[in-house]
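Quick note on labels: first sequence line is chain A, next is B, and so on, each numbered from 1.
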Number of protein chains: 2
Amino acid sequence: MKLISQLAREANIPIGTIRFYEKSGLISGMTKPGITSNNYVYYDDEVTEKLRFIKMAKAVGFTLAEIKQVIDAWYQKELTKASKMEVLNLKLEQIDTKIGELKAMKKQIARCKHNIENGLSR
Amino acid sequence: MKLISQLAREANIPIGTIRFYEKSGLISGMTKPGITSNNYVYYDDEVTEKLRFIKMAKAVGFTLAEIKQVIDAWYQKELTKASKMEVLNLKLEQIDTKIGELKAMKKQIARCKHNIENGLSR
DNA sequence: CACAAGTATGAAGTATACTATATACTTGTA
DNA sequence: TACAAGTATATAGTATACTTCATACTTGTG
């Protein structure tokens, strides 16, 4: 159980971004039941995990809306087993497509490098 | 040599987006030397190739600025061989990082699917 | 107990990547 | 030759994903 600054440090994500993600429904912390003097929000390790996932997914071009779908399928949210599976299977397909695109790009860039090394125009 | 609407059809990219890419310096067409009655812009197959690359690169999370760097390294642009190689090698590294992230996501989602199938909370 | 540092909230501002609109000119077809 | 369809240009608007700012309250340390 940590406060936002510690979470930000651990995940290496700005506090503002974390607050934005929380407002967007991707993550959520909780206020401590006993405490009434403030409304500080506490986060557990599940949130750290989610942030790690968000970071990776963003890095490969998924939108926050898409990421939210996966996180919702992941961490319950009154969804049926079938609809969760649908979301996850679609993502797996999209991931394979992206891997294919990355491999195609690798080949193209390797060819380009080869051409440059040999002084060809293209 | 094709006009913008044909290029848009071939690449399956909206005309407006193509114009935006041209304004952003990612692609460029040319007016026909002999013609003075209009300023229609013609595009060759190199542009189609570039658009294909842009599409892939965008799909895996590269920004237009990053893509422009690669295209510039690719298609000359008064850059030294060394600086081109630097750009391309960096991209190859980033591509491998992204492939790694995608594989990690695959594993995580597969694990998640397994849990859902077995009725586990996570 | 002063006060720097941390926290919450809301609203406005920014960057990227389009997308739409308005205007005006050009071309091809009936 | 009328006129729909295509093209160019500039400007404004939109969506996403933050980022900054202002305000106000809370907490921990000397």
Distance, rounded to the nearest Å, where B:Ile18 contributes CD1 and D:dG6 contributes C1': 14 Å
Nucleotide D:dT16, atom C1' - distance to CD of A:Glu66 in whole Å: 12 Å
Phosphate contact (C:dC18 OP1 or OP2) by B:Lys58 side-chain N/O below 4.0 Å: yes
A:Lys84 bridged to A:Asp72 by N-O distance under 4.0 Å: no
Side chain proximity check, A:Leu26 to A:Glu22, heavy atoms < 4.5 angstrom: no
Sugar-phosphate, base or nothing in reach of B:Thr63, heavy atoms under 4.0 Å: sugar-phosphate
A:Lys55/B:Glu101 salt bridge by N-O under 4.0 Å criterion: no
Contact nearer the 5' end of DNA chain D, comparing A:Tyr40 with A:Thr17: A:Thr17
Phosphate-side-chain proximity, B:Ser5 and D:dA5, N/O vs OP1/OP2 below 4.0 Å: no
Sugar-phosphate, base or nothing in reach of B:Tyr21, heavy atoms under 4.0 Å: sugar-phosphate
Any A:Asn38 side-chain nitrogen or oxygen under 4.0 Å from OP1 or OP2 of D:dT27: yes
d(NZ, B:Lys68; C1', C:dC18) in whole Å: 18 Å
